[in-house]
There are 2 protein chains.
Amino acid sequence: MTAEIPPALPLRERKKLRTRQTLVATALELFGAHGFDGVTLDGLCEAAEVSKRTFFRYFASKEDVAMAPTQDLWAAFLDLLETGPAAGPAPRPAGGQPGGRPGAQPEGRPLLGLFEDCLAGAIGRMPAGGWTGRVLASRRLAARTPSMDAHGLAFCDRTIRAALVVLDHRLALDGPGRLRARLALDMLVSAFRQALDAWVAQPSGHTPEDLTRRLRAVMAELPHAVAAKAEPRA
Amino acid sequence: MTAEIPPALPLRERKKLRTRQTLVATALELFGAHGFDGVTLDGLCEAAEVSKRTFFRYFASKEDVAMAPTQDLWAAFLDLLETGPAAGPAPRPAGGQPGGRPGAQPEGRPLLGLFEDCLAGAIGRMPAGGWTGRVLASRRLAARTPSMDAHGLAFCDRTIRAALVVLDHRLALDGPGRLRARLALDMLVSAFRQALDAWVAQPSGHTPEDLTRRLRAVMAELPHAVAAKAEPRA
DNA sequence: AGGCTTGTGCCACTCAGTGGCACATTGACG
DNA sequence: CGTCAATGTGCCACTGAGTGGCACAAGCCT
């Protein structure tokens, strides 16, 4: 229905996967039709044919189910950050996912570039069928639902902390290094949110590639943002 | 009790002010003693001697009352940004609040420097009696209360949007300029959160001046964060 | 004093989220 | 193949946040 159902899993797992997907799909559909607050959990559960108790075994909150697409993305980001190329110079893999093996050069590559590639790679990993549609629905919803936005921000924050832990394992971070890594991660999130907002706002052509392009474009603005001057109004 | 009660206000206003202060003080006290989730609104209202209905005329949510100190700070920031020096070169006013009058130089001062001074000025404006204690209590609470943290993030986000509107009025922002301003504001918030975390974590000496010093120190790290390289672990 | 405005208290209500228990399905093992 | 343990699910009752409505009282104006 929504994404691939990895075949030949313990069967019990397949059921869980399907239930989860049904929940997400139904939720986005109902929320889109009646607004986030216009749908009660009872209504959603009835539509998805599960009990409310079951719903909360899959998602921690009503907001959670609507943000599943974003959470999938950041989970993939964390995975890439953990298993992908740590710090090779990698002047940018040109094509798609970063595939270079972990290098060990004394002078590593730029941190921001590493983050950017991992996130771009995560975007490329998202299931082709329907993911873009789900993010789109999810973000449009979040734009007019404060509580969803708040949970989204909080989730990004948690992701950043997790990423910091990963970095601590893979990189040599001294005091200032840790602070800088934290700031750089915040910048990544900030840039991604800008890119995502612009991507959602565009009238058509919502492809993952386009999102990636926008991300890279905003990331390239970061140095200019640091150096920007305030030009008073004429 | 907590801050100055501006004398000779319409009297009606003074009562409101006092009610609000009582609510904040009682809330922080109870939350500190029993934890955020360990206190019900009914209990809080009883302790503060107001009805629950009244509580919600002052604060939008349970989280809101616990974050009053932070909200006061950002309100002051917005005010300074709106009424303070717009974009004069002002290589840094050395002393305290930025006092220079709005200039109209063709090449303005750095955006980040402007933000930094406004926020530092806002810190300086906070009521001397008890404000630091309240932020301290508030932040320590937020650190172990996810929902508070989420609301805090969301509030910062709203503040940034408001700041962008102000900047639009005062500065000449073209397309890339707007994006850069947005990114720079995110950087300010990110830097402030780092500074605040470190400030809260320190064992003693929680003065506003110290917080300001930390803010400036983290802000100075921003350019290094952009340029940071990933040093692989040995 | 009169009336007008504005903040407050009380009450009943909706709905998100939780805990407990009984039941059904799955998978493993004898 | 039958049985048992594990695990997922449904149902139910409950707490607690947040809202709407209305009547009352305290401040303000003339």
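Just so it is clear: chains get the letters A, B, ... in the order the sequence lines come, proteins before strands, and each one is counted from 1.
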Quick check on D/dG8: is either OP1 or OP2 less than 4.0 Å from any side-chain nitrogen or oxygen of A/Tyr58?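 Result: no.
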So, is B/Thr54 close to the C/dG9 phosphate, meaning a side-chain N or O under 4.0 Å from OP1 or OP2?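 B/Thr54 to C/dG9 OP1/OP2: side-chain N or O found under 4.0 Å.
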Decide, yes or no, whether a salt bridge links A/Arg161 with A/Asp157 under the criterion of side-chain N to carboxylate O below 4.0 Å.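 A/Asp157 and A/Arg161: salt-bridged.
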For the pair B/Arg216 and B/Asp117, find out whether any cationic side-chain nitrogen is under 4.0 Å from an anionic carboxylate oxygen.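 Answer for the salt bridge query: yes.
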Expressed as a whole number of angstroms, how long is the span from [X]:[atom1] to [N]:[atom2]?
{"X": "A/Phe36", "N": "C/dT14", "atom1": "CZ", "atom2": "P", "answer": "20 Å"}
{"X": "A/Phe56", "N": "D/dG10", "atom1": "CZ", "atom2": "P", "answer": "14 Å"}
{"X": "A/Asp37", "N": "D/dT19", "atom1": "CG", "atom2": "C1'", "answer": "12 Å"}
{"X": "B/Asp42", "N": "D/dT19", "atom1": "CG", "atom2": "C1'", "answer": "14 Å"}
{"X": "B/Phe59", "N": "D/dG18", "atom1": "CZ", "atom2": "C1'", "answer": "16 Å"}
{"X": "B/His34", "N": "D/dG16", "atom1": "NE2", "atom2": "P", "answer": "14 Å"}
{"X": "B/Leu44", "N": "D/dG16", "atom1": "CG", "atom2": "C1'", "answer": "13 Å"}
{"X": "B/Arg18", "N": "D/dA26", "atom1": "CZ", "atom2": "C1'", "answer": "15 Å"}

Distance-only polar pair, side chains of B/Thr22 and B/Thr19, donor-acceptor under 3.5 Å: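 B/Thr19 and B/Thr22 do not have a side-chain donor-acceptor pair below 3.5 Å.
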Do A/Arg214 and A/Gln194 meet the criterion of a side-chain donor-acceptor pair at a distance under 3.5 Å?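 No, no side-chain donor-acceptor pair sits under 3.5 Å.
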Please state whether the rings of A/Phe59 and A/Phe55 are parallel, tilted or perpendicular, taking 30° and 60° as the class boundaries.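 Tilted: the ring planes of A/Phe59 and A/Phe55 meet at 30° to 60°.
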For the side chain of [X], counting heavy atoms from C-beta on, which of [options] is nearest?
{"X": "A/Leu41", "options": "D/dG27, C/dA16, D/dA17", "answer": "C/dA16"}
{"X": "B/Lys16", "options": "C/dG7, D/dG8, C/dA16", "answer": "C/dG7"}
{"X": "B/Ser51", "options": "D/dT9, C/dG17, C/dC10", "answer": "C/dC10"}

Under 3.5 Å, is there an N or O donor on one side and an acceptor on the other linking the side chain of [X] and the base of [N]?
{"X": "A/Arg57", "N": "D/dG10", "result": "yes"}
{"X": "A/Arg53", "N": "C/dG20", "result": "yes"}
{"X": "B/Lys52", "N": "D/dG18", "result": "yes"}

